[in-house]
S.K.: 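Supplied in structure tokens, the structure appears directly below.
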2 protein chains.
Amino acid sequence: MKRTRVTIKDIAKELNVSASTVSRALQDHPALKQQTKDAVRELAEKLNYRPNTMALNFLKQTSTTIAIIVPDITGYFFSAAVTGIQDILVSSGYNIMICISNESYEEESRIVEKLSKVQIAGILVAPSSTTFNFDHIKKIQRNNIPLVIFDRDCEGVDAHKVLVDDYSGAFEAVEYLIKTGCKKIAHITGASDLSTNNHRLQGYLDALKKNNLPILDKYIIYAQGFTHEHGIKPTESLLKSNNVPDAIFAVNDRLAVSAMRTAKKLNFRIPEDISIIGFDDEPHSTYFTPALSTVWQPVYSMGMLSARILLGDIKRKEDENLQLRYEVFKTELVIRGTSKKL
Amino acid sequence: MKRTRVTIKDIAKELNVSASTVSRALQDHPALKQQTKDAVRELAEKLNYRPNTMALNFLKQTSTTIAIIVPDITGYFFSAAVTGIQDILVSSGYNIMICISNESYEEESRIVEKLSKVQIAGILVAPSSTTFNFDHIKKIQRNNIPLVIFDRDCEGVDAHKVLVDDYSGAFEAVEYLIKTGCKKIAHITGASDLSTNNHRLQGYLDALKKNNLPILDKYIIYAQGFTHEHGIKPTESLLKSNNVPDAIFAVNDRLAVSAMRTAKKLNFRIPEDISIIGFDDEPHSTYFTPALSTVWQPVYSMGMLSARILLGDIKRKEDENLQLRYEVFKTELVIRGTSKKL
DNA sequence: AATCTCTATGCAAACGTTTGCACAAAAAGA
DNA sequence: TCTTTTTGTGCAAACGTTTGCATAGAGATT
């Protein structure tokens, strides 16, 4: 059970050459005799030689590990984004290290603290919903570690950013509801510090304004979280009020799904009595009855682009100066059964 | 923009001591004068000294990276398992490296091949559904890399295994259907090479046998994949046949959900005309109408235990001999609206 | 004063690989 | 035959840290 890996020296000794020669042979160095190369390669193959990555990383003082900090991966959104990131980075020879902040600012800070002690080639971060102080993010930059912020913006931080046009996604959704005759449109949103929530809320507000519909505070409900169970109370409070809305635009699919079930339980017909539109287009959203209308986001592409931008930054030369990228993806409105047809 | 990290030598030079002294001071070596320690620590703090992980890994010839190979993370199941693994490993100071096989044997082999070139402290693997040759897994063992197989079994491979009792989970579900009066129970399953599918199928078959119900080949349908869209055709073929079943037990929730929608479209009442039970208990399964009856698995715990077992193996001494762990988690039947009440 | 015992620190090797420079041997040119 | 060029290979340093061993200097014991 001994862990004796074959090293370059072993090969060198066996072949009566120096370690340098072996190293060069394996790299196909032009100054070497073909014969020597062949001999070395053959023996390396035979002994199942594998270069010691740790020695290499050490020598080159470079790490091939890239960290991804996400709030959660059990939901569709971030797991798809991570998959996109993964596909790009892995094919470029990098390893990804996943760090889950669990939507907690403290955990996120701890992660960043830990990462700063380890050598990391770059970091991709989607900040937690409870993060509104970005000092730790800025610290990453001060340590000169390439950084890309994706999906959720850190306002005031100058970094590469890959975002989604939440504003226009929400605007389109709400305007669609208006066009189909809805006049009393409620919005279930989430933590107000989160850029995505905020932009969707703005889109909602502006769509109402543009169409001369009144903005009612009681139609804007803050959910306490992002998962299904957080959608129940807000919906109940809306549907049991004395001014029942005729549409609900939810900040994500989970809340929309939850709203849908709650509405059904209260004997509302969907979409006749109440229209519902979500955000994200999670794969199972189509399978509800009626199928959920929602706003699709190119998550996977967002992950891929974020990874590509990070790679670009990592590979840029010391002297090249940093050109910050700011990319915003367009969403697409997907009309299914929970909203009326035009 | 230079990347000059402070090293132990820098501190040594500034303090006119040797590097060894600095190293020892930082480790609180007893032979050192308190005064020296304080001076070193203070300067280290001031210069923001961070030990070079790559140098340490190299010196100690140990890696703190653990690889997880999973078929996919966009679904609830594996992302929750990964979260469990992550929570344990991160708190023990390890980094996790996620590798996604995309349910492809080739990709999985490629991943293993790549990992064997990198130094890795251990590997957790849930094999892909198209993997039925386990040579690459055995190769991991031959390289003496600690290995834990989880969720999906690799039969014939002697390794730590953390599995779920799919057989009894399925058995219970089917027996429940029988008890509620179902007599014509169909099963939508998946790739037959996958241990989980196979055990669920066995549970299904044995439950029928035990209750003296006939086993009909046409009631056992193989879906081409695990996602929603793969459930449509199997369900249609069942419900449009001349011997329509009164219950469907699906190998996972996604297929069950899809079966449910298809049944609804064909105007079957659930559960009056047809009962449906899934497997996994994904979070959104409750939110369908009717809410999906299903078999819950302790995914998160499974992830955690797998990680703990792997850690135990990694930390075991060279001379201690390997005690293989074989752990099987119990499932729980969750009865909701898609099956009749007892 | 000579020897012994601590105490605190330094020296140097080791981990595996790459690479600039040196240099021997062979080949080419004079 | 002597010099110059080319070809192929080796030497040694470097990357940052730890650690066994050596040792200088101080204090204690004779």
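For clarity, every value in this text was computed on a predicted model and none was experimentally measured. Proteins come first, then strands; the chains are lettered A, B, ... in the order of their sequence lines, and each starts at number 1.
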S.K.: Once side-chain contact (heavy atoms from CB on, under 4.5 Å) is applied, do any residues pair with A:Gln35, and if so which ones, sequence neighbours excluded?
M.R.: A:Lys33
S.K.: Below 4.5 Å, heavy atoms only, C-beta onward: do A:Val164 and A:Thr196 meet side chain to side chain?
M.R.: no
S.K.: Between B:Val125 and B:Val112, is any pair of side-chain heavy atoms under 4.5 Å apart?
M.R.: no
S.K.: Quick one: side-chain contact (heavy atoms from CB on, under 4.5 Å) partners of A:Tyr300, sequence neighbours excluded?
M.R.: A:Thr83, A:Asp87, A:Met304
S.K.: Taking side-chain contact (heavy atoms from CB on, under 4.5 Å) as the test, write out the residues that go with B:Ala159, two or more places apart.
M.R.: B:Gln141, B:Leu147, B:Ile149, B:Val157
S.K.: Please list, by residue number, the residues of residues 14-37 of chain A whose heavy atoms come closer than 4.0 Å to an atom of DNA chain C; answer none if no residue qualifies.
M.R.: A:Ser20, A:Ser23, A:Arg24, A:Gln27
S.K.: Salt bridge (Lys or Arg N to Asp or Glu O under 4.0 Å) with B:Glu113: which residues, sequence neighbours excluded?
M.R.: A:Arg50, B:Lys139
S.K.: Holding to side-chain contact (heavy atoms from CB on, under 4.5 Å), I want the full list of residues that pass it with B:Gln119, two or more places apart in sequence or in another chain.
M.R.: A:Arg5, A:Asn52, A:Thr53, A:Met54, B:Ser63
S.K.: List the residues meeting ring pair (Phe, Tyr, Trp, His ring centres under 6.0 Å) with A:Phe77, not counting sequence neighbours, and say none if there are none.
M.R.: none
S.K.: Before accepting this row, confirm whether a basic side-chain N of the pair A:Asp193/A:Arg152 lies closer than 4.0 Å to the acidic partner's carboxylate O.
M.R.: no
S.K.: Scan residues 47-63 of chain B against DNA chain C and write down, sorted by residue number, each residue with any heavy atom closer than 4.0 Å; if none is found, say none.
M.R.: B:Phe58, B:Leu59, B:Gln61
S.K.: Do the side chain of A:Thr130 and the main chain of A:Tyr105 share a donor and acceptor less than 3.5 angstrom apart?
M.R.: yes
S.K.: Heavy atoms of chain B, cut-off under 4.0 Å: which first and last nucleotide of DNA chain C, 5' to 3', fall inside that, if you could look?
M.R.: C:dA8 to C:dG16
S.K.: Taking only residues two or more places apart in sequence, or in another chain, which ones meet A:Phe329 in a ring pair (Phe, Tyr, Trp, His ring centres under 6.0 Å)?
M.R.: none
S.K.: Axis-to-axis angle across the helix from C:dA1-D:dT30 to C:dA30-D:dT1, five pairs an end, to 10 degrees?
M.R.: 70°
S.K.: Could you work out, with ring pair (Phe, Tyr, Trp, His ring centres under 6.0 Å) as the rule, every residue matching B:Tyr76, not counting sequence neighbours?
M.R.: none
